[in-house]
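To start, the structure under review is shown below, and the notes come after it.
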Amino acid sequence: MALTDPADRILAAVRAIPRGEVAGYGEVARRAGLPGRARWVARLLAVSDDPGLPWHRVLRSDGRIAFPAGSDAWEEQARRLRADGVEVVGGRVRIARAERSLDAEVWGPG
DNA sequence: GCTGTGACTCCTT
DNA sequence: AAAGGAGCCACAG
């Protein structure tokens with residue numbers, strides 16, 4: 001019954017994020033087989049006391065840190081990400097690319 | 001059991 | 001790029 005618990009699957013999905021990479025809350029939820037439960041992912045990370053949990057690799061869907069900019073938690077997450085080799089600029093991770101705007105792809109300077 | 005809240009996400013201005 | 005609004009789910013009062 002270990003991995004049958006949704007919470008365990010979510011935490012497992014977070015631990016599965018390789019060092020140097022990041023994932024969105026919604027993405028983690030999807031990987032755990034729980035689409036639409038991004039908020040639950042966030043809450044689990046908040047209450048989890050597992051020191052080995054790479055919670056800092058989980059970002060918002062737009063590639064930004066979910067904490068208020070400048071807060072202690074925000075600072076620590078940015079620091080941990082840089083320690084992972086992830087480039088953080090202005091609270092945003094360099095990799096994440098919002099390709100949610102299909103119009104820009106079709107009508108923009110494509 | 002209803003209400004407010006939040007480490008969320010998507011769509012529309 | 002940014003802001004407003006609706007939808008969403010788990011939890012505390």
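Quick note: numbers below take in every heavy atom, side chains included, and nothing from hydrogens, waters or symmetry partners. Letters go in sequence order (proteins before strands), and every chain restarts at 1.
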*asked:* By nearest heavy atom, map A:R30 and A:Y25 onto DNA chain B; which one lands nearer the 5' end?
replied: A:Y25
*Heavy-atom contacts under 4.0 Å between residues 41-58 of chain A and DNA chain C, which residues?*
A:R43
Main chain of [Y], side chain of [X]: is a donor-acceptor contact present, judged purely on distance under 3.5 Å?
X	Y	result
A:D5	A:A7	no
A:D62	A:R64	yes
A:R15	A:L53	no
A:R57	A:V22	no

*Under 4.0 Å between a side-chain N or O of A:S61 and OP1 or OP2 of B:dT9?*
yes
*Whole-Å distance between C:dA10 C1' and A:D5 CG?*
15 Å
*Write down the distance between CZ (A:R64) and P (B:dC8), rounded to a whole number of angstrom.*
13 Å
*Please report the closest heavy-atom contact between A:W55 and A:F67, naming both atoms and the distance.*
CZ3-CE1, 4.1 Å
*B:dC8 base to A:R39 side chain: any donor-acceptor pair below 3.5 Å?*
yes
_Residue A:F67, side-chain heavy atoms: nucleotide from B:dA7, B:dC8, C:dA2 that is nearest_ = B:dA7
*Among residues two or more places apart or on two chains, list those pairs meeting side chain to side chain donor-acceptor pair (under 3.5 Å) that have a residue in residues 28-39 of chain A.*
A:E27-A:R31
